[in-house]
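A short worksheet on the structure shown next.
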Amino acid sequence: MLLLPLLLKATLLHLASGSYHPFYNGFYYNHIMNDDGNGQDKDYLNGARLVVETSRDPVYSYSGANVTLPCHYHYEPDQGPKRKIRIKWSKLRDDYTKEQDVLVAIGKTSMAFGDFKGRAHIRQASQHEASLVISDVRLKDDGKYRCEVIDGLEDENDVVDLRLQGIVFPYQPPRGQYRLNFHEAEQVCQDQGAILANFNQLFQAWSEGLDWCNAGWLADGTVQYPIRQPRKPCGGVHLAPGIRSYGPRHRHLHRFDAFCFSSALKGEVFYLDRLAGMTLEEAKQSCQDAGAEIARVGQLYSAWKFQGLDRCTAGWLADGSVRYPIVTPRANCGPAEPGVRSFGFPRKGRFGVFCYRER
């Protein structure tokens with residue numbers, strides 16, 4: 001009896017390793033168990049076509065949430081109840097090549113892989129549903145997903161795009177401009193509650209008004225920067241607005257800034273102050289005394305964009321920088337555009353502090 005679970009597990013692992021493509025000659029062959037239920041297989045031939053459909057529109061979510069990626073299948077013409085089909089979900093790169101296996105399922109038995117273990121399962125609320133549910137969504141979950149349905153020799157699929165609601169922000173370390181290789185850029189974004197942005201996220205930020213003349217790493221190892229108002233130091237005045245690209249750079253040798261991506265928050269960012277201000281260490285302790293932690297840069301940007309945090313008083317952040325968020329520009333609060341203002345990384349000084357607390 002121990003053989004059956006082992007065989008099922010082996011089948012699921014085989015499905016994860018890659019799919020096969022059937023020979024098509026105008027008919028559809030399915031290899032199924034015969035009606036006698038005696039375990040003997042037979043070839044089944046019918047004129048039905050398997051159709052797999054996902055959402056044409058992107059599915060939006062945010063970090064820490066639960067999300068369902070819809071996927072349904074049917075047969076043309078309808079063939080009524082079907083035997084057990086196999087379902088496979090994969091995460092794709094932007095060029096639609098496979099990045100990683102997410103989950104495979106046969107009937108009610110499924111197996112998730114990698115970072116999706118314990119977070120992904122199939123929803124089959126209706127007869128022909130194969131939707132993927134991802135819980136506790138993470139920043140790196142953003143991207144394209146393929147829903148593949150396998151029925152005998154038939155293998156059809158469709159792709160759905162999961163997009164996290166978030167914000168892209170440029171980041172320089174305390175050492176100054178162009179000090180990060182690719183791997184260091186990945187780390188500083190992670191330290192700030194974010195990840196390296198991908199091109200689609202940077203393009204979306206540019207379309208929403210991001211204009212930044214310093215080149216930064218993206219998740220694919222390219223170096224780019226967004227320009228809304230062409231000017232001489234930023235590629236020249238004769239180039240049209242857009243994303244300027246240096247293309248792929250050496251991930252160890254070349255050094256630039258970073259474009260980080262942070263999503264909406266489960267918690268809240270709030271401000272604390274003392275009459276005489278605080279040092280960085282005093283600021284960290286004040287947040288702890290309030291049942292919170294000192295906020296990271298990505299959390300401040302997210303609170304500014306998604307929670308409308310507006311404070312014309314500068315405060316410490318976890319990386320040692322001093323910043324403040326402005327939603328409604330006004331006198332004595334910086335430039336005329338909304339944004340997160342920065343005082344850099346002061347070695348001395350006394351300021352308030354931005355804290356972050358989970359709800």
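Positions are given from 1, in the same order as the sequence printed here.
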* To do: Apply side chain to side chain contact (heavy atoms under 4.5 Å, CB included) to the pair L210 and V168, showing each step before the final yes or no.
  => CA-CA 8 Å; L210 181 62; V168 172; 4.2 Å; yes
* Structure fact -> Between G267 and R359, the two heavy atoms sitting closest are O-NH1, 3.2 Å
* Asked: Are side-chain heavy atoms of P70 and T54 found at a separation under 4.5 Å?
  -> no
* Asked: Is W316 reaching over with its side chain to a backbone N or O of M278, donor-acceptor style, under 3.5 angstrom?
  -> yes
* Asked: Ion pair present between D155 and K88, side-chain N to carboxylate O less than 4.0 angstrom?
  -> no
* **Exam field: side chain S263 to backbone S63, donor-acceptor pair closer than 3.5 Å** => yes
* Step by step, would you call C260 with Q190 a side chain to side chain contact (heavy atoms under 4.5 Å, CB included)? -> CA-CA 8 Å; C260 304; Q190 182 177 337; over 6 Å; no
* To do: Consider only side-chain heavy atoms of I, L, V, M, F, W and Y, link residues closer than 4.5 Å, and tell whether V269 and Y301 are in one cluster.
  => yes
* Asked: Can L202 be reached from L164 by stepping across I, L, V, M, F, W or Y side chains whose heavy atoms are under 4.5 Å apart?
  -> yes
* Start with the C-alpha distance between T313 and F351, add both sets of side-chain angles, then the distance that settles side chain to side chain contact (heavy atoms under 4.5 Å, CB included), and finish with yes or no. => CA-CA 8 Å; T313 312; F351 304 91; over 6 Å; no
* Asked: How close do R244 and C234 get, heavy atom to heavy atom, and via which atoms?
  -> NE-O, 3.4 Å
* Asked: Under 4.5 Å between any side-chain heavy atoms of K266 and E358, yes or no?
  -> yes
* **side chain to side chain contact (heavy atoms under 4.5 Å, CB included) assessment of K284 paired with E281** => CA-CA 5 Å; K284 292 178 180 178; E281 293 305 315; 3.7 Å; yes
* Asked: What about W212 and Y225, are their ring centers closer than 6.0 Å?
  -> no
* To do: Answer yes if F343 and I294 sit in the same cluster of Ile, Leu, Val, Met, Phe, Trp and Tyr residues linked by side chain heavy atoms under 4.5 Å apart, and no otherwise.
  => yes
* **Main-chain N/O of Q229 paired to D211 side chain as donor or acceptor, under 3.5 Å** => yes
* Between S55 and D57, do the side chains contain an N or O donor and an N or O acceptor separated by less than 3.5 Å? -> no
* Asked: Distance only, no hydrogens: is a donor on one side chain within 3.5 Å (strictly under) of an acceptor on the other, for Q177 and D257?
  -> no
* Do any N or O atoms from the side chain of R228 and from the backbone of P226 form a donor-acceptor pair under 3.5 angstrom? -> no
* Atom pair OG/CD of S302 and Q165 - distance to nearest 0.5 Å -> 11.0 Å
* Grab the two heavy atoms, one from A130 and one from W89, that are nearest each other, plus how far apart they are. => O-NE1, 3.0 Å
* Can you find a heavy atom in the side chain of L309 that is under 4.5 Å from one in the side chain of F270? -> no
* Any chance the side chains of Q204 and N200 put a donor and an acceptor closer than 3.5 Å? -> no
* Are side-chain heavy atoms of C355 and L272 found at a separation under 4.5 Å? -> yes
* Without hydrogens or angle criteria, can the side chains of Y75 and D151 be said to hold a donor-acceptor pair below 3.5 Å? -> yes
* How long is the gap from NE2 on H72 to NE2 on H74, to the nearest 0.5 Å? -> 11.5 Å
* Looking at side-chain heavy atoms only, is the closest gap between R138 and R119 below 4.5 Å? -> yes
* Following the transitive rule for hydrophobic clusters with a side-chain heavy-atom cut-off under 4.5 Å over Ile, Leu, Val, Met, Phe, Trp and Tyr, establish whether L265 and L139 coincide in one cluster. => no
* Show your reasoning for whether salt bridge (Lys or Arg N to Asp or Glu O under 4.0 Å) applies to R56 and D161. => CA-CA 8 Å; R56 300 274 71 83; D161 197 1; over 6 Å; no
* Structure fact -> For R323 and L300, the nearest pair of non-hydrogen atoms, with its separation, is CB-CD2, 3.9 Å
* **Non-hydrogen side-chain atoms of F354 and R311 separated by less than 4.5 Å** => yes
* Give, for atom CH2 of W304 and atom CZ of R341, the distance between the pair rounded to the nearest 0.5 Å. => 8.5 Å
* To do: Measure the shortest side-chain to side-chain distance between N214 and Q172 over non-hydrogen atoms and say whether it is less than 4.5 angstrom.
  => yes
* Asked: So, are K305 and E208 salt-bridged, with charged N and O less than 4.0 Å apart?
  -> yes
* Say whether, by atom type as modelled, one donor and one acceptor occur between the side chain of E154 and the main chain of L50 under 3.5 angstrom. => yes
* Donor-acceptor under 3.5 Å (S110 side chain, A105 main chain) -> no
* **Neighbour count >12 (heavy atoms, 6.0 Å) for atom CZ, F203** => no
* Asked: Can you tell if the side chain of V223 reaches within under 4.5 Å of the side chain of H254, non-hydrogen atoms only?
  -> no
* W206 atom CH2, over 12 foreign heavy atoms within 6.0 Å -> yes
* OH (Y271) with more than 12 external heavy atoms under 6.0 Å -> yes
* To do: Give me the ring orientation class for Y171 and F169: parallel if the planes are under 30° apart, tilted from 30 to 60°, perpendicular past 60°.
  => perpendicular
* To do: Would you check if the side chain of N66 reaches a backbone N or O of D136 as a donor-acceptor pair within less than 3.5 Å?
  => yes
* Asked: So, are D141 and K91 salt-bridged, with charged N and O less than 4.0 Å apart?
  -> no
* Structure fact -> One should read off an interatomic distance between R251 CZ and N181 CG, to the nearest 0.5 angstrom, of 11.0 Å
* Can you name the closest pair of heavy atoms from P230 and G236 and give their distance? -> CB-O, 3.7 Å
* Would one find more than 12 heavy atoms of other residues, nucleotides or ligands at under 6.0 Å from atom NE2 of H183? -> yes
* Lys/Arg N to Asp/Glu carboxylate O, E282 vs R350, below 4.0 Å -> yes
* Asked: Linking I/L/V/M/F/W/Y whenever any side-chain heavy atoms sit under 4.5 Å apart, do V297 and F256 land together?
  -> no
* **D142 and K140 ion-paired at < 4.0 Å** => no
* Structure fact -> CG of L162 to OG of S61, rounded to nearest 0.5 Å, is 6.5 Å
* To do: Give the C-alpha distance, both sets of side-chain angles, the deciding distance and a yes or no for salt bridge (Lys or Arg N to Asp or Glu O under 4.0 Å) between E184 and R255.
  => CA-CA 9 Å; E184 291 167 340; R255 294 183 176 272; 2.6 Å; yes
* Has R347 got more than 12 heavy atoms of other residues, nucleotides or ligands less than 6.0 Å from its CZ? -> no
* Could you pull out the closest heavy-atom pair between Y246 and A215, with the gap in Å? => CE1-CB, 3.7 Å
* What distance do C71 atom SG and R146 atom CZ have between them, rounded to the nearest 0.5 Å? -> 12.0 Å
* Looking at K144 and E99, does any basic side-chain N land under 4.0 Å from a carboxylate oxygen? -> no
